[in-house]
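What follows is a short report on a single structure.
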Amino acid sequence: MTTSLKNKALYHQLADLLKERMNTGMIPHDKLPSERKLTHEYDVSRTTVRLALEELERSGYIYRRHGKGTFVSDIKNDDTDLATAYSFTEQMKQMGKKPETRILLFEKITADYFVSQRLNLSLLEEVYHLSRLRLADNEPLMVEETYLPAKKFLSLEESLLRSKPLYDVFSENFDQIIRLADEELYASIASLEDAKLLMIPEGAPVLHLARSTYNVKNEIIEYTLSVARADQFHYKIRHIRNS
């Protein structure tokens, strides 16, 4: 396999070549050649092919269907919209509401086991901890606890966070471009502390959300835990069955 990326691991090189192949000659839901065919076509080991495909799957370029093969995802067509899709500020503006973010806490801490696992860091590495209250039209809607790896945002200051949305800070000040985000949610009830901030009764229904955000290098650059008022948020999900 020939490539100019001499300093990258072989499977990274193969992943880059496959990305170029998908971007220039394939469309979403096209089927990729089998691992065996890729092994012969690029003259690499089966292990190299598997590692490259795993990387592409993590970054959202491909998806697998058991017993049917590996297919091109359509996520590559949505790169520029991902930050907007996960932006509270943009979401509220699109709804015609006036967004507001109040910073409750901003500090640098050392990562405990929970945080280090979520950010894929070593125990006791430095992270920024950011606590925010999100409002729209002066009504509190969501409480967020965000953790950022300090090594990715060395000069981050609270004044900067007050001046613009977090994801704008990522891209404009630290050249951290969002590639994708994984989000989980479940229903729960409001704790006393969250209820006070959200101005709802203790025990009222809320949505808990956990989001891991990845940059283009497939590194986790944000882990956020959110508590949202269940009477103000709903999630719409579309499931597409691929034939």
Side-chain angles (χ1 to χ4, degrees), residues 82-150 152-153 156-170 178 180-214 220-237:
L82 281 171
T84 299
Y86 293 96
S87 169
F88 174 88
T89 300
E90 293 302 323
Q91 184 182 15
M92 292 301 107
K93 287 180 178 179
Q94 290 173 10
M95 295 171 62
K97 297 183 177 183
K98 181 182 178 181
E100 179 186 354
T101 298
R102 297 178 187 172
I103 296 179
L104 307 176
L105 177 68
F106 176 68
E107 60 180 350
K108 183 183 285 187
I109 62 174
T110 54
D112 59 15
Y113 179 79
F114 177 85
V115 173
S116 64
Q117 290 293 301
R118 270 61 186 181
L119 288 175
N120 197 24
L121 300 174
S122 300
L123 191 63
L124 302 182
E125 276 197 59
E126 289 188 328
V127 299
Y128 288 111
H129 172 214
L130 173 63
S131 179
R132 296 176 292 175
L133 177 64
R134 304 288 212 150
L135 306 93
D137 292 342
N138 296 316
E139 185 175 18
L141 300 183
M142 180 184 295
V143 180
E144 291 187 334
E145 302 291 334
T146 296
Y147 300 90
L148 310 171
K152 297 293 184 184
F153 307 98
L156 184 62
E157 296 180 353
E158 184 173 339
S159 58
L160 182 59
L161 294 170
R162 294 185 182 278
S163 69
K164 64 179 74 174
L166 181 61
Y167 289 166
D168 288 349
V169 171
F170 283 0
I178 294 174
L180 61 88
D182 290 327
E183 195 166 72
E184 300 178 11
L185 68 156
Y186 62 93
S188 185
I189 58 174
S191 66
L192 177 59
E193 182 179 358
D194 289 334
K196 288 180 178 178
L197 290 169
L198 294 172
M199 298 179 63
I200 57 177
E202 181 183 4
V206 293
L207 290 174
H208 282 258
L209 302 97
R211 183 174 64 251
S212 299
T213 305
Y214 295 77
I220 302 175
I221 58 173
E222 175 207 11
Y223 180 71
T224 292
L225 296 169
S226 304
V227 180
R229 287 175 50 172
D231 62 337
Q232 294 293 326
F233 282 89
H234 72 276
Y235 269 67
K236 182 178 179 180
I237 302 173

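Source: prediction; values computed, not measured.
Looking only at side-chain heavy atoms (C-beta outward), Leu123 and Glu125 stay at 4.5 Å or farther from each other. Side chains of Arg132 and Thr146 form a contact here, defined as non-hydrogen atoms less than 4.5 Å apart. Using a 4.5 Å heavy-atom cutoff, the side chains of Leu104 and Leu197 are in contact. Between Val206 and Ile189, the closest side-chain pair of non-hydrogen atoms is not below 4.5 Å. Looking only at side-chain heavy atoms (C-beta outward), Ile103 and Leu161 come within less than 4.5 Å of each other. At a threshold of 4.5 Å between non-hydrogen side-chain atoms, the residues Leu119 and Val127 count as touching. Between Val227 and Leu198 there is a side-chain heavy-atom pair separated by less than 4.5 Å.
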For Leu156 and Val169, run side chain to side chain contact (heavy atoms under 4.5 Å, CB included): C-alpha distance rounded to whole Å, both residues' side-chain angles, the deciding distance at 0.1 Å, then the answer. CA-CA 9 Å; Leu156 184 62; Val169 171; 4.0 Å; yes
Apply side chain to side chain contact (heavy atoms under 4.5 Å, CB included) to Arg211 and Asp182, showing your working. CA-CA 6 Å; Arg211 183 174 64 251; Asp182 290 327; over 6 Å; no
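If you take CD1 on Ile109 and CG on Leu124, they are separated by 11.0 Å, rounding to the nearest 0.5 Å. To the nearest 0.5 Å, atoms CG (Leu130) and OG1 (Thr101) are separated by 9.0 Å. With values rounded to the nearest 0.5 angstrom, Glu144 atom CD is found 3.5 Å from Ser226 atom OG. Atom-to-atom distance recorded for Gln117:CD and Leu121:CG is 9.5 Å, nearest 0.5 angstrom. In this structure, CG on Leu148 lies 6.0 Å from CG on Leu166, to the nearest 0.5 angstrom. Going from atom OG1 of Thr224 over to atom CG of Leu209 covers 10.0 Å, rounded to the nearest 0.5 Å.
For Glu202, the side-chain hydrogen bond (donor to acceptor under 3.5 Å, both in side chains) criterion is met by no residue, not counting sequence neighbours. In this structure, Lys97 has no side-chain hydrogen bond (donor to acceptor under 3.5 Å, both in side chains) partners at least two apart in sequence or on a different chain. Scored by the salt bridge (charged side-chain N to carboxylate O under 4.0 Å, His left out) test, Glu145 finds no partners at all (sequence neighbours excluded). For Phe153, the ring-ring contact (aromatic ring centres under 6.0 Å, His included) partners two or more places apart in sequence, or in a different chain, are Phe170, Phe174.
A centroid separation of 6.0 Å or more is found between the aromatic rings of Tyr128 and Tyr147.
No side-chain N or O of Glu222 forms a donor-acceptor pair with one of Tyr214 less than 3.5 Å apart.
Ala195 approaches Ala190 most closely through the heavy-atom pair CB-CB, 4.2 Å. For the residue pair Met142 and Ala228, the shortest heavy atom distance occurs at CE-CB, 3.9 Å.
Within the structure, every pair that satisfies the ring pair (Phe, Tyr, Trp, His ring centres under 6.0 Å) test and touches residues 183-203, not counting sequence neighbours, is listed here: Tyr186-His208. Listed by first then second residue, pairs satisfying salt bridge (Lys or Arg N to Asp or Glu O under 4.0 Å) with a partner in residues 103-119 read Lys108-Glu126, not counting sequence neighbours.
Side-chain N or O atoms of Glu139 include none that pairs as donor or acceptor with a backbone N or O of Ala136 at under 3.5 Å. Without hydrogens or angle criteria, Ser191 side chain to Asp194 main chain gives a donor-acceptor distance under 3.5 Å. Under the 3.5 Å distance criterion, the side-chain polar atoms of Asp137 are matched with a main-chain donor or acceptor of Lys98.
A 6.0 Å sphere centred on CD of Glu158 holds more than 12 heavy atoms belonging to other residues, nucleotides or ligands. Within a 6.0 Å radius of CD in Glu157, no more than 12 heavy atoms belonging to other residues, nucleotides or ligands are found. Atom NZ of Lys164 has more than 12 neighbouring heavy atoms from other residues, nucleotides or ligands inside a 6.0 Å radius. The 12-atom threshold is not exceeded at OH of Tyr113, counting heavy atoms of other residues, nucleotides or ligands nearer than 6.0 Å.
Ion pairing between Arg102 and Glu100 holds under the 4.0 Å rule for side-chain N and carboxylate O.
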